[in-house]
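A, B, ... follow the sequence lines: proteins, then strands. Residue 1 opens every chain.
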2 protein chains.
Amino acid sequence: MRTRKTHQTELVMQAVHALDHPTASNVLDAVHELDPSVSRATVFRVLAEAAESGEVQRLVLAGSSDCFDITLCKHAHMVCSRCGAISDVDVPDTSALQRDAVGVKGGRIDACHVQFFGLCPECNRGEPHQNQ
Amino acid sequence: MRTRKTHQTELVMQAVHALDHPTASNVLDAVHELDPSVSRATVFRVLAEAAESGEVQRLVLAGSSDCFDITLCKHAHMVCSRCGAISDVDVPDTSALQRDAVGVKGGRIDACHVQFFGLCPECNRGEPHQNQ
DNA sequence: GCTATAATTAAGACATAGTCTTATTAAGGA
DNA sequence: TCCTTAATAAGACTATGTCTTAATTATAGC
């Protein structure tokens, strides 16, 4: 369990809050702008621990590397097909989906993961491509 | 475009058909049992080309490495939380989900990816753990 | 403020997935 | 059989993520 308050942890958590659905690498870049001496392993570890403790949410997405979300309540995400940006999406009902799903007989379905693909507001407006 | 019929391509395609939702590494292992001289790059390339041409379907899943599916019709998948096995799942209706989803204003939702987590028949029966 | 101790870190090795380059091999038409 | 060129083997390379280890440092107790 994290007990000591360190310079590095503060920088990482600040970055997660400042950025929108950042990957570990995004956080690393932001942290390095303030302090290039912080190691890659520390950023990955601090993020993993924060996700483990429930302080942030780790988003495991199809086709993207893991992102971190400070919004803890359950919601779905859209991945921009053009720039890769992650946007929040509210889905009214996914339980119906799970109920109606027909799996292999003998198997058991526990959870349902819904993810959308599309264009983020910027890319939809035809604005210059901005990769995360 | 693939024009020549080679030993390596035959082995790879045979393996994809023999295995159930294999990853590229699964295919590599199977191919290596018959011919250890086939290179890793060849297996990845042949699979990528087969997916590109529509001969097989590349499954890009959350939390798993890409798998290859010989079933071309659209369906969802369940990832076994215990052993990682992929099972096919039929979902009656996902268009409703996309219609009802509320994204960021200005953005556009184009596609919907549904993935389930649960236990495959073997793991649900409490049979010995078998990792892919 | 000083010291001891144990949590935290930096550095880099390691694992895995996937792509790319290049020299070599071999498929298949002439 | 010979040629052309598609396809391959080998391995470099990128990226994400984890793990190990020795060094650093936060903080509790004095």
Open item on the list: For B:Val38 and A:His7, find the nucleotide of DNA chain D closest to each by heavy atoms; which residue's nucleotide sits nearer the 5' end?
Closed with: B:Val38
Task: B:Leu61 CG - C:dT16 P separation (whole Å) - done: 20 Å
Task: Between P of C:dT16 and CG of B:Asp29, the distance in whole Å - done: 11 Å
- [ ] Tell me whether the OP1 or OP2 atom of C:dA17 has a side-chain N or O from B:Thr23 closer than 4.0 Å.
- [x] no
Open item on the list: Can you identify which nucleotide, out of D:dT8, C:dG18, D:dA6, has its nearest atom closest to the B:Arg4 side chain?
Closed with: D:dA6
Open item on the list: So if I take every side-chain heavy atom of B:Thr6 and compare against C:dA27, C:dC20, D:dT16, which nucleotide ends up nearest?
Closed with: C:dA27
Open item on the list: Between A:Ser65 and D:dA15, is there a contact of a side-chain N or O with OP1 or OP2 at under 4.0 Å?
Closed with: no
Task: B:Arg45 side chain near D:dA7 phosphate (N/O to OP1/OP2, under 4.0 Å) - done: no
TODO: Look at the side chain of B:Asn26 and the backbone N and O of B:Thr23, then say whether any donor-acceptor pair between them is shorter than 3.5 Å.
DONE: yes
Open item on the list: Tell me if a side-chain donor or acceptor on B:His113 pairs with a main-chain N or O of B:Ala111 at a distance below 3.5 Å.
Closed with: no
Open item on the list: Rounding to an integer number of Å, can you tell me how far A:Glu10 CD sits from C:dA7 C1'?
Closed with: 16 Å
Open item on the list: Heavy atoms only, 4.0 Å cut-off, all strands: where does A:Ala48 land among base, sugar-phosphate and nothing?
Closed with: nothing
TODO: Ignoring hydrogens and angles, tell me if any N or O in the side chain of A:Ser39 forms a donor-acceptor pair with the backbone of A:Thr42 under 3.5 Å.
DONE: yes
TODO: Provide, to the nearest angstrom, the distance between the CG atom belonging to B:Leu28 and the P atom belonging to D:dA10.
DONE: 12 Å
- [ ] Measure the distance from CG on B:Asp66 to P on D:dT16 and round it to the nearest whole Å.
- [x] 15 Å
TODO: Considering just the side-chain nitrogens and oxygens of B:Gln8, establish if one lies under 4.0 Å of OP1 or OP2 belonging to C:dA26.
DONE: no
- [ ] Report the distance from atom NE2 of A:His32 to atom C1' of C:dA11, rounded to the nearest whole Å.
- [x] 12 Å
TODO: Give a yes/no on whether any side-chain N or O of A:Ser25 is located under 4.0 angstrom from OP1 or OP2 of D:dT16.
DONE: yes
TODO: Counting heavy atoms from C-beta on, name the nucleotide in D:dA9, D:dT16, C:dG18 closest to the side chain of B:Phe44.
DONE: C:dG18
TODO: For B:Arg40 and for B:Lys5, locate the closest nucleotide of DNA chain C by heavy-atom distance; then report the residue assigned to the nucleotide nearer the 5' terminus.
DONE: B:Arg40
Task: Any B:Thr42 side-chain nitrogen or oxygen under 4.0 Å from OP1 or OP2 of D:dA9 - done: yes
- [ ] Output yes when a side-chain donor or acceptor of B:Gln8 lies under 3.5 Å from a complementary backbone atom of B:Val43, and no otherwise.
- [x] no
- [ ] Provide, to the nearest angstrom, the distance between the CG atom belonging to A:Asn26 and the C1' atom belonging to D:dG17.
- [x] 15 Å
Task: Side chain A:Thr6, main chain A:Thr9, donor-acceptor under 3.5 Å - done: yes
